[in-house]
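First up is the structure itself, then whatever we jot down about it.
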Amino acid sequence: MSHLVKKTQDSLKSIILNAVKKAVAAGTLPCDAESSFNIEVPADRLNGDFSSNAALAWARDFRMSPKKIAQEICANLDFEDTYFDKAEVAGPGFLNFYLNQRYYADILLDIKEKGKNYGRSDYGKGEKINVEFVSANPTGPMHMGNARGGALGDCLAAVLDFAGYDVTREFYVNDAGNQIDKFAMSLDIRYQQIYKGENFVELPEDSYHGEDIKECARDFADSYGDKYLDVDEQERRKALVDHVLPKNIQAMKDNLLKYRIEYDKWFHESVLYNNGELEQTLEVMKSKDLTYEKDGALWYKATEHGGEKDEVLVRANGNPTYFAADIAYHRNKLAVRKFDKAINIWGADHHGHVARIKGALDAIGVDGERLDIILMQLVRLTRDGEVVRMSKRTGKAITLTDLLEDIPIDAVRFLFNMREPSSQMEFDLDLAVEQSAKNPVYYCQYAHARICSIHKKLNSENIFPRECTQEELELLTMPEEKELIRHLSSLTDEIITAAKNYDPARITRYTVELATLLHKFYNSCRVKCGDEPLMQARLFLCDCVRSTIKNALDMFKITVPESM
RNA sequence: GCGCUUGUAGCUCAGUAGGAUAGAGCAACUGCCUUCUAAGCAGUAGGCCGUGGGUUCGAAUCCCUCCAAGCGUGCCA
């Protein structure tokens, strides 16, 4: 799936090199160029549609001033049968190139032909990527922090998919290990308190104190009454967990679905305990002499593999640590299920874990480079100018459900993808709700609705869009029209760059810019203008803008209303 | 203490694998609807790119110093 922009840029390189050859033959340049040079899109349109730093890059090779070199190249350019019609030397020696109208017409025809596939490419063809995100602890409800990770992960996966990768969206369910034991204990105590009073047993410091635990215990009691009070503690706790955990997991699925996130795979940590992979992983580590025993626990010699200190793998009480399970889990992703790449989205508070897990993977012979961790700064919520602490302890966490009830999902998904993950964002709840009508997402949706409105209006006057010829599309010569087309043309590259950099925020910014250009066009060029071919060409352009906005927002599962 | 991340307009952020005069949005101010949606457009104002040095034709961008903020440094996850 070649795309026009790339092809045009590549052709420009050979056009320049040919000019150099001609100049060398004519004796006006000393020798062929060696240093590499770039074709770029200048920030300022006054500097052309494409520019090249070739002359600057070759100043040393040629022992000539960049400006002189640029003039020589310029004089020898041959634009016969290309999309260019002129070039200029500017500034210290930049070569600026200007596209002809045929290029703009062909861009539009290309967009129209690709339709809803416009923006897709095969850049990542053949590569299997696993994107794991949210992976909230099933011991309680999801909170605001998970909202950012959810929007980020889902949209990153979408971007990778559009760029041609084979993407799997995955949720890691921590349904085993220590925290489940604590969860069971907390539930058990709350359950007993229902019948024996709050003072009967006290909740230890390191248990879950949230209100949600009480509700879960109450729910269990509603189903089974007090019949578990007298059974063996282990059996009672197992019954509690078996009852509550699936419900919690289902609640997370429901919530995420409301948030328009659908996973391909819910991977349960317990699987690693049951299928022997955790055990195997520990055996591999032992056999590679990566472990030792101390104080009754099994330790990993992390310090010998770039770590700051050694880490416990199996506690003295026999329970494996989260770290041990995590090694087994990533070994599963990369070595068992054979993903070429695994991307994890983690809260920045887990950053200390990054080097450890990669180092451990390297140590067991799985290339840690294949694991990419995106650290996302946690969202700091403020309300009435004060920071809202999200503590699970106090049970005051703002849940994902609360958030989705307050702020439209389109807005949340868009907003969380406006900034790079590494930015520490402050999120004023009141402002987010209050300003929702001014949210950039509405600005983009409005552009789409406006175009639909033009169509409706013209339809009511019995004017309908028709196919346009290349010649007709070449009538779009206003600066606002050309800007718009140029921006339309960059979607595919934008998606590829977003995929390369793991930065879906590029797409929201792209869409805002597209909306801006549409609004500018709308204010300076009337579609219904009395000139039939021009009107049809503008309708064609509008249609391309509409489908491009739709493709971009569809990709992020954000709705595109036809009227607002 | 050590480690990771971040410092760009009053606020929230861009700045594309050094490039041409550092850009948007919000907030403020001034204009534009008898003509396809004013949820829009045009304009004004606002900056020692945290500090100090270095690298080169050229640095917000790369290297080092320092300052500030957030987080981490559990037999928690």
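First the proteins, then the strands, lettered A, B, ... as listed; each starts at 1. Values in this document were obtained by computation on a predicted structure and should not be read as measured data.
- The side chain of A:Val527 has B:C36 as its nearest neighbour among B:A39, B:C36, B:C41.
- Within the 4.0 Å cut-off from OP1 or OP2 of B:G40, not a single side-chain nitrogen or oxygen of A:Lys520 is found.
- Pair assignment for B:G40 gives B:C32, based on Watson-Crick or G-U wobble hydrogen-bonding distances that are each under 3.5 Å.
- Base pairing of B:G72: its partner is B:C2, meeting the Watson-Crick or G-U wobble criterion (both donor-acceptor distances under 3.5 Å).
- Residue whose closest nucleotide on RNA chain B sits further toward the 5' end, between A:Asn501 and A:Lys456: A:Asn501.
- A gap of 29 Å separates the C1' atoms of B:G18 and B:G3, to the nearest Å.
- Taking side-chain N and O atoms only, A:Asn137 has no distance below 4.0 Å to OP1 or OP2 of B:A77.
- Its glycosidic angle being more than 90° from 0, B:C49 falls on the anti side.
- Closest approach to the A:Glu420 side chain among B:C41, B:G15, B:U16 is made by B:G15 (side chain taken as heavy atoms from C-beta onward).
- Contact annotation: A:Tyr522 reaches the phosphate of B:A38 (side-chain N/O to OP1 or OP2, under 4.0 Å).
- Here the shortest heavy-atom pairing between A:Val527 and A:Cys542 reads CG2-SG, 4.0 Å.
- When side chains are defined from C-beta on, A:Leu313 counts as touching A:Phe323, because their heavy atoms get closer than 4.5 Å.
- With hydrogens and angles disregarded, no donor-acceptor distance shorter than 3.5 Å links the side chain of A:Asn332 to the backbone of A:Ala328.
- Of the nucleotides present, none pairs with B:C49 by Watson-Crick or G-U wobble criteria with both distances under 3.5 Å.
- Distance check on atom C1': B:U5 versus B:C57 gives 34 Å, rounded to whole Å.
- Only the C1' atoms considered, B:U30 is 16 Å distant from B:G46, to the nearest whole Å.
- Which of B:C36, B:C75, B:A20 sits closest to the side chain of A:Trp299 comes down to B:C75.
- The P atoms of B:A59 and B:U21 are separated by 11 Å, rounded to the nearest whole Å.
- One C1' atom belongs to B:C48, the other to B:A22, and the distance between them is 13 Å to the nearest Å.
- Within the shown strands, B:C67 is the pairing partner of B:G7 under the Watson-Crick or G-U definition, both distances less than 3.5 Å.
- The distance between atom NZ of A:Lys67 and atom C1' of B:A20, rounded to the nearest whole Å, is 11 Å.
- Comparing B:U16, B:G70, B:A38 by their closest approach to the side chain of A:Thr497 singles out B:U16.
- Heavy atoms from other residues, nucleotides or ligands lying under 6.0 Å from NZ of A:Lys68 number 12 at most.
- B:G40 and B:C26 are spaced 7 Å apart, taking the P atom of each and rounding to whole Å.
- Side chain of A:Met564, nearest nucleotide from B:A39, B:C41, B:C71: B:A39.
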